[in-house]
Amino acid sequence: MPVARPETSDARVIAHVDMDCFYVQVEQRKQPELRGLPTAVVQYNEWQGGALIAVSYEARGCGVKRSMRGEEAKAACPEIQLVQVPVARGKADLNTYRSAGSEVVSILAQSGKCERASIDEVYLDLTDAAESMLADAPPESLESIDEEALKSHILGMTREDGDDFKESVRDWICRKDADRRDKLLGCGIIIVAELRKQVLKETEFSCSAGIAHNKMLAKLASGMNKPAQQTVVPYAAVQELLSSLPIKKMKQLGGKLGTSLQTDLGIDTVGDLLQFSETKLQEHYGVNTGTWLWNIARGISGEEVQGRLLPKSHGSGKTFPGPRALRSLSNVQHWLNQLSEELYERLSSDLEQNKRIASTLTLHASAFRSKDSDSHKKFPSKSCPLRYGVTKIQEDAFNLFQAALREYMGPFGTKPQGNKKETWRITGLSVSASKIVDIPSGTSSIMRYFQSQSTIPSCSASGCPQEHVAVTPSASESCSEQKSAEAAMPEEDITVTYTSPDLDNSYRDSDMVPEKFPCQDVVSCLSTGAMEFPTQSGSNRDTPTKTIGRKTNNSKEKNGGMPSIVDIFKNYSATPQSKQETQEDSTVSLTSKRGNLSSSTSHSSEVNQEVEDRRDTEWGYKVGEIDQSVFDELPYEIQREYRSLLRPNKRPNAGKSKGGDGSASSSIAHYFPPLKR
DNA sequence: ACGGGTATGACC
DNA sequence: TGGTCATAC
């Protein structure tokens with residue numbers, strides 16, 4: 001829910017950049033013959049030709065709409081070109097779109113504070129840039145104004161008859177007697193036009209943009225003239241814009257809150273909101289939301305552009321609608337394995353490219369129980385410390401699932417309450433990784449510590465028998481079917497009915513998280529043995545390569561043919577340097593130039609050389625997690641450093657102890673004992 | 001029980 | 001906290 005933020009006193013210049021039917025553009029860039037044709041991207045789905053997730057403007061012109069099925073689209077527009085979303089591991093794979101999105105972000109991030117709002121949307125705070133321009137080279141001093149800027153739509157601009165549109169825009173931008181706010185927006189217009197041209201030139205993607213004094217208005221404006229246009233909201237145009245704007249068009253009001261406003265208060269436009277006092281709105285919707293509503297009615301929104309270029313979490317999920325619902329543990333496990341693989345691959349890339357590590361793994365599922373009246377009880381989400389390694393994630397995800405399933409089916413299980421066993425169906429599964437932190441690089445003592453460890457005995461060599469890697473005690477006990485289920489073919493739906501664990505255990509363990517695994521020592525934690533970096537082979541091939549410099553051909557000899565974390569460190573130890581100043585908390589991962597897929601493995605492209613040089617100096621090390629016992633052994637400064645890394649704003653161990661047995665937690669990201677000296 | 005797969009943010 | 005809910009693209 002929205003929360004009110006006061007508008008800052010000084011006028012800001014905020015832009016919202018929105019890619020035009022982005023997935024379509026990505027596909028058209030890949031297949032230029034599709035350019036200009038009515039095109040839509042469909043998600044693979046046998047059923048009725050798949051669901052459209054992006055539609056080109058040509059196709060929209062013949063009545064095709066998002067959330068049509070492929071077949072309907074064909075009916076509406078027989079010539080439509082349907083392109084399928086790539087599939088990997090039996091599910092939609094959005095990686096190509098993600099990297100295309102970061103191409104855009106890395107361009108837009110150059111001119112001011114930048115926030116990646118979604119895969120295809122970005123907010124920019126151009127205040128500084130606009131102020132500089134106003135001081136150094138105000139529009140009125142320019143002899144010519146960019147053509148693209150002259151195509152801008154300026155809300156509220158009265159355009160006299162027979163007047164040249166571009167001339168009026170030029171006049172508006174260059175008006176000498178404009179107030180400062182308008183002048184700043186005028187600069188914003190020029191800057192954004194420039195940026196959009198640059199995006200088009202360097203990525204071949206067109207975009208639209210809104211330019212205003214806050215995010216809300218910029219977002220509103222970006223959607224007003226599409227595709228490939230930009231719209232400005234001068235201060236003076238705000239009230240009129242909002243007065244007739246349907247309430248549901250406002251961001252955050254497209255759902256239940258907006259509906260409630262309409263039906264409960266009879267509000268249809270944002271203007272209608274003005275009649276309600278702040279307290280009245282607060283009475284209905286709470287203090288925060290009430291104030292927020294009162295503000296947006298007046299075009300006030302102080303929300304800042306977050307300097308964040310990278311996502312805060314990664315997730316991989318799939319739905320299993322209707323008849324495809326999963327009914328067996330083995331099938332669930334199969335899909336969790338697929339999802340976990342994808343998640344892991346993305347975590348690897350993030351670590352590799354951005355030096356970030358995630359520390360929480362969460363499992364979400366949706367389910368129903370056929371027999372019960374209450375068949376729509378929510379399937380609980382569960383999370384646990386994230387351990388790096390594909391199989392670890394797979395195991396943990398499955399354990400989380402089983403814990404959640406027990407809870408879902410009720411502490412008393414669905415014991416034959418009669419002679420009917422209760423069955424469950426899983427209609428959606430997803431795994432996600434969150435609490436991602438940057439690993440500071442260069443001067444880090446952690447890095448030096450690891451560099452000094454020339455060799456680390458291999459744990460995987462000593463073996464971690466599968467049986468031991470199993471599950472939470474309760475989980476393993478509760479799933480007597482698990483073993484036989486595992487033997488079954490994953491594809492085949494074998495009905496397995498749920499039986500409750502014996503009660504003693506089920507209570508004790510109900511909120512437990514998978515325990516520490518026996519073989520978890522420094523090597524299992526740090527070795528990247530399980531951490532194959534994505535290579536150019538297989539499903540990654542059509543993704544613009546994300547390889548950075550000379551990284552792929554390093555040693556795989558040690559530790560059973562797998563590169564260890566130490567190998568990775570060594571690669572970057574040559575140029576230890578502190579991280580470059582970046583906006584806020586992150587740098588964008590710059591994907592290498594597109595195209596040129598074949599020879600991308602070993603050399604960085606010359607085009608990106610400068611960038612990559614910088615990146616090399618930013619490179620650090622990777623630490624998935626450190627076992628508690630190992631952590632205790634680390635030098636004091638390193639313990640302290642790691643603590644502050646993971647808990648930036650908190651005093652070590654400040655949290656109230658959960659009363660539980662802390663040692664069950666396997667990641668220091670989740671457990672901070674008192675410091676030992 | 002199809003708008004799928006993701007992502008963010010507030011609240012309790 | 002972690003987990004749920006709402007919202008958006």
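In what follows, chains carry the letters A, B, and so on, assigned in the order in which the sequence lines appear, proteins first and then strands, with residues in each chain numbered from 1.
An OP1 or OP2 oxygen of C:dG3 is reached within less than 4.0 angstrom by a side-chain nitrogen or oxygen of A:Ser383. Taking 4.0 angstrom as the limit, A:Arg116 places none of its side-chain polar atoms (N or O) nearer than this to OP1 or OP2 of C:dC9. The shortest distance between the side-chain N/O atoms of A:Lys435 and the OP1/OP2 oxygens of C:dG2 is below 4.0 Å. The shortest distance between the side-chain N/O atoms of A:Lys378 and the OP1/OP2 oxygens of C:dG3 is not below 4.0 Å. Between B:dT6 and A:Arg98, a contact under 4.0 Å exists linking OP1 or OP2 to a side-chain N or O. An OP1 or OP2 oxygen of B:dT6 is reached within less than 4.0 angstrom by no side-chain nitrogen or oxygen of A:Ser430. A:Lys256 has a side-chain polar atom (N or O) that falls below the 4.0 Å cut-off from OP1 or OP2 of C:dA6. Between B:dC11 and A:Asn288, a contact under 4.0 Å exists linking OP1 or OP2 to a side-chain N or O. The side chain of A:Ser381 places an N or O atom within less than 4.0 Å of a non-bridging phosphate oxygen (OP1 or OP2) of C:dT4.
Within 4.0 Å of A:Gln48, counting heavy atoms only, lies no atom of the nucleic acid at all. In this structure, A:Lys219 reaches the sugar-phosphate backbone alone: every heavy-atom distance under 4.0 Å involves primed, P, OP1 or OP2 atoms, never a base. Here A:Ser432 lies out of heavy-atom contact (under 4.0 Å) with every strand. Using a 4.0 Å heavy-atom cutoff across all strands shown, A:Leu253 reaches sugar-phosphate atoms only and no base atom. A:Arg425 comes within 4.0 angstrom of no nucleic acid atom, judged by non-hydrogen atoms across all strands. In this structure, A:Ser316 reaches the sugar-phosphate backbone alone: every heavy-atom distance under 4.0 Å involves primed, P, OP1 or OP2 atoms, never a base. Contact annotation for A:Glu342: backbone-only contact, meaning every heavy-atom pair under 4.0 Å involves sugar-phosphate atoms and none involves a base. As judged by a 4.0 angstrom heavy-atom cut-off over every strand, A:Met250 is placed among residues touching the sugar-phosphate backbone only.
Residues satisfying the salt bridge (Lys or Arg N to Asp or Glu O under 4.0 Å) test with A:Glu58, not counting sequence neighbours, are none. Take A:Thr427 and apply the side chain to side chain contact (heavy atoms under 4.5 Å, CB included) test, not counting sequence neighbours, and it matches A:Ala325, A:Ser366, A:Phe368. With sequence neighbours excluded, the residues satisfying salt bridge (Lys or Arg N to Asp or Glu O under 4.0 Å) with A:Glu342 are A:Lys91, A:Arg346. Checked against side chain to side chain donor-acceptor pair (under 3.5 Å), A:Thr319 has no partners two or more places apart in sequence or in another chain. The salt bridge (Lys or Arg N to Asp or Glu O under 4.0 Å) search around A:Asp272 returns none, not counting sequence neighbours.
Nearest nucleotide to the side chain of A:Lys251, out of B:dT6, C:dA8, C:dT4: C:dA8. Here C:dG3 is the nucleotide among C:dG3, B:dG4, B:dA7 with the atom lying nearest to any side-chain atom of A:Lys382. Nearest nucleotide to the side chain of A:Gln43, out of B:dG9, B:dG4, B:dA7: B:dG4. Distances were taken from every side-chain heavy atom of A:Arg308 (C-beta onward) to each of B:dT8, C:dG3, C:dC9; the shortest belongs to B:dT8. When distances are taken from the side chain of A:Ala92 to each of C:dG3, B:dA7, B:dG5, the shortest belongs to B:dG5. Here B:dT8 is the nucleotide among B:dT8, C:dT4, B:dT6 with the atom lying nearest to any side-chain atom of A:Ser313.
Nearest-nucleotide assignment on DNA chain B puts the 5′-proximal partner with A:Gly322, out of A:Leu339 and A:Gly322. Residue whose closest nucleotide on DNA chain B sits further toward the 5' end, between A:His314 and A:Phe320: A:Phe320.
Rounded to an integer number of Å, the gap from A:Leu257 CG to C:dA8 C1' is 14 Å. Summarising the geometry, the separation between NZ on A:Lys248 and C1' on C:dA6 is reported as 12 Å, rounded to the nearest angstrom. Here the P atom of nucleotide C:dT7 and the NZ atom of A:Lys215 are 18 Å apart, to the nearest Å. Between the CZ atom of A:Phe401 and the P atom of C:dG3 there is a distance of 15 Å, given to the nearest Å. In this structure, the CH2 atom of A:Trp335 is 10 Å from the P atom of B:dG5, given to the nearest Å. Between the CD atom of A:Glu115 and the P atom of B:dA7 there is a distance of 15 Å, rounded to whole Å. Between the CG atom of A:Leu429 and the C1' atom of B:dG4 there is a distance of 14 Å, rounded to whole Å. The NZ atom of A:Lys249 sits 12 Å away from the P atom of C:dA8 (whole-angstrom rounding).
Geometrically, A:Arg406 does not engage A:Phe401 in a cation-pi contact, judged by NZ or CZ lying under 6.0 Å from the ring centre and within 45° of the ring axis.
Between A:Tyr97 and A:Phe22, a ring centre-to-centre spacing not shorter than 6.0 Å is recorded.
Here the options are A:Leu273, A:Val287, A:Thr291, the test is side-chain contact (heavy atoms from CB on, under 4.5 Å), and the partner is A:Leu281; only A:Leu273 passes.
Atom CZ of A:Arg69 has more than 12 heavy atoms from other residues, nucleotides or ligands within 6.0 Å.
Comparing the same atom, C1', in C:dT7 and in B:dG3 gives a spacing of 14 Å after rounding to whole Å.
If you check residues 61-72 of chain A against DNA chain B, the residues with a heavy atom closer than 4.0 Å are A:Arg66, A:Arg69, listed by number.
In the model, A:Ser316 has no side-chain atom that pairs as donor or acceptor with a side-chain atom of A:Tyr344 under 3.5 Å.
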